[in-house]
Asker: 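Mind having a look at this structure? Questions to follow.
Reckoned from all heavy atoms, side chains included, excluding hydrogens, waters and symmetry mates.
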Amino acid sequence: MARSHLTLAALATSAVPDLDVSGARAHSHGGAGEFDSALLNTRDGSTVIVRVPTSQVAETEQSADLVALRALTTGIRSRLPFDVPRFLGQAPVGGTRAVVYDYLPGSHIAVEEVPPGDGLAGSIGHAIAAIHALPTAFVGEAGLPVMSAAECLTAATSVIESAASTGLLPVALRDRWRDAAADHSIWQFQPTVINGSLTADSFLVEDETVTAVLGWSALRVGDPARDLHWLLAMNPGATDGALGAYASRRQVATDRQFTQRAMLYAELEVARWLLHGREVRDQHIVDDAVEMLDGLVDRVHSNAMNPLSTATGPIMAVNDVEAMLDRTPGDRPDGYRRSGGMKPVDDDQSDVSSSSA
């Protein structure tokens, strides 16, 4: 049974002793019920949000997010052109915990709604570039993952081989992905700080400006293409605007193949879906993943653009991959995010704030 906004307000005052609440209302952002959430108005005119996870995956996600938010110190945040949620306090409740954050205003925008040009798309590109320009040392100091280019390749290869071991991966995709993994020209890049789970829903915007970035549980040093691949699902004019703005802030000349890696990551989302079905022993998920893999083969062969590597031939467009994921039946496990892989998080503020109530 969902906790009422009044119960959540009481938990928040326990978590933040000096919190003087003047009003409360329930809050959600199209989530799958992974959190009980409420927005609280305070007598000093500010607004905070309190969230209590309702599942183990949500609790795990929230815990990882807290580690990342603590790692993002005031000095690190000062390098970013947008806001990041601040942790204010926590209180135990029913075997889990209520966590209070400051509320960040702004609106979400769907990936297909980002207009072409240098406006919002450019602001998104600049925001991602700012993340990737952060010094890497603080990530390791916080105990967060620090991956080399070789380790990023190993992680991708592990997904490929795990999918192949099921006997359900079409040979054409298996060979295509293996060829991409073996093409070392694709994997010559300098790891950067990455958010690790960016989607369009990660961003809060006002007018044509990114005002905040939410959801930091996958913060690490890794492959910048992990943060960029979802940009390719926007309309071409918006993609060009975002990538152009990103390139203007980052020296990407030494990483000419990041689009190929981004496309590979998008295709591997279908493999991850297959592996998840096998892990939870849900034949419905497995059958759905097999159908998507068959469709992926057909789309790859019908699209002669954008080779994945010099050996693999054409690659499926990211929006085609995501269209396939979007039509997956609604009994997907709570917390599955199509652009970020198996992320145990609902879309209720995707990690702490939204102006959509």
Side-chain angles (χ1 to χ4, degrees), residues 111 121 124-134 136 139 144-160 176-200 202-203 213 215-216 218-234 236 238-272 305-312 314-322 325 337-343:
V111 65
I124 291 171
H126 288 154
I128 299 173
I131 296 171
H132 294 179
L134 291 174
T136 59
V139 175
L144 296 168
V146 176
M147 300 178 68
S148 66
E151 289 169 330
C152 293
L153 169 58
T154 298
T157 301
S158 177
V159 174
I160 295 168
R176 163 189 180 76
W177 294 345
R178 282 177 174 173
D179 286 344
D183 187 346
H184 293 291
S185 68
I186 294 177
W187 301 94
Q188 302 301 311
F189 66 90
Q190 180 64 44
T192 68
V193 175
I194 62 172
N195 171 283
S197 60
L198 287 183
T199 69
S202 302
F203 296 85
V213 174
W216 291 86
L219 177 66
R220 65 191 58 213
V221 172
D223 188 347
R226 292 292 297 174
D227 281 350
L228 295 168
H229 85 270
W230 70 276
L231 297 177
L232 305 176
M234 299 192 297
T239 298
D240 290 345
L243 292 180
Y246 176 84
S248 72
R249 297 291 178 90
R250 296 283 297 153
Q251 296 297 320
V252 295
T254 58
D255 185 10
R256 299 180 183 276
Q257 310 299 327
F258 78 85
T259 54
Q260 278 80 359
R261 294 198 313 281
M263 291 287 194
L264 174 62
Y265 289 136
E267 291 190 10
L268 290 181
E269 287 301 294
V270 188
R272 293 178 188 276
M305 301 298 290
N306 300 322
L308 183 55
S309 77
T310 55
T312 61
I315 182 171
M316 179 180 182
V318 172
N319 56 345
D320 288 337
V321 177
E322 295 200 338
L325 294 178
R337 284 166 48 162
R338 59 185 168 85
S339 292
M342 290 305 303
K343 295 300 297 174

Asker: Given Leu243 and Leu232, is the side-chain contact (heavy atoms from CB on, under 4.5 Å) satisfied, shown in steps?
Answerer: CA-CA 9 Å; Leu243 292 180; Leu232 305 176; 3.9 Å; yes
Asker: Of the options Val146, Val139, Leu144, which is the one that meets Val193 in a side-chain contact (heavy atoms from CB on, under 4.5 Å)?
Answerer: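 So, applying the side-chain contact (heavy atoms from CB on, under 4.5 Å) to Val193 and each of Val146, Val139, Leu144, only Val139 qualifies.
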Asker: Under the rule for side-chain contact (heavy atoms from CB on, under 4.5 Å), what residues qualify as partners of His132, not counting sequence neighbours?
Answerer: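 Testing His132 for side-chain contact (heavy atoms from CB on, under 4.5 Å), a comparison that skips the adjacent residues, returns Ile128, Thr192, Ile194, Pro224, Asp227, Leu228, Tyr246, Arg250.
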Asker: Can you name the residues that form a side-chain contact (heavy atoms from CB on, under 4.5 Å) with Thr154, not counting sequence neighbours?
Answerer: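 Result, side-chain contact (heavy atoms from CB on, under 4.5 Å) vs Thr154: none returned.
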Asker: Does Trp187 reach the side chain of Asp223, with side-chain heavy atoms less than 4.5 Å apart?
Answerer: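 Yes, at least one pair of side-chain atoms sits under 4.5 Å.
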Asker: To the nearest 0.5 Å, what is the distance between NE2 on His229 and CD on Glu269?
Answerer: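 Spacing of NE2 (His229) from CD (Glu269) equals 5.5 Å.
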Asker: Taking the side chain as C-beta and beyond, is there a heavy-atom pair between Leu198 and Leu231 under 4.5 Å?
Answerer: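 Answer no - side chains too far apart.
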Asker: What pairs with Ala238 under side-chain contact (heavy atoms from CB on, under 4.5 Å), at least two apart in sequence or on another chain?
Answerer: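 Partners of Ala238 under the side-chain contact (heavy atoms from CB on, under 4.5 Å) test: Val114, Ala121, Met234, Asn235.
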Asker: For Ala245, enumerate each residue passing the side-chain contact (heavy atoms from CB on, under 4.5 Å) test, keeping only those at least two apart in sequence or located in another chain.
Answerer: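 side-chain contact (heavy atoms from CB on, under 4.5 Å) list for Ala245, sorted by chain: His126.
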Asker: Are the side chain of Gln188 and the backbone N or O of His184 linked by a donor-acceptor pair below 3.5 Å?
Answerer: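 Pair found, side chain donor or acceptor close to backbone of His184.
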Asker: Is any side-chain heavy atom of Ile160 closer than 4.5 Å to a side-chain heavy atom of Leu268?
Answerer: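 The answer is yes; the side chains approach within 4.5 Å.
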Asker: Phe203: what forms a ring pair (Phe, Tyr, Trp, His ring centres under 6.0 Å) with it, not counting sequence neighbours?
Answerer: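 Applying ring pair (Phe, Tyr, Trp, His ring centres under 6.0 Å) to Phe203 gives Trp230.
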Asker: Can you list the steps and then say if Trp216 with Ile131 is a side-chain contact (heavy atoms from CB on, under 4.5 Å)?
Answerer: CA-CA 11 Å; Trp216 291 86; Ile131 296 171; 3.8 Å; yes
Asker: Output, in order, the C-alpha distance, side-chain angles, deciding distance and verdict of side-chain contact (heavy atoms from CB on, under 4.5 Å) for Tyr265 and Arg261.
Answerer: CA-CA 6 Å; Tyr265 289 136; Arg261 294 198 313 281; 4.3 Å; yes
Asker: What distance separates Thr136 OG1 from Arg220 CZ, expressed to the nearest 0.5 Å?
Answerer: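 Going from the OG1 atom of Thr136 to the CZ atom of Arg220 covers 14.5 Å.
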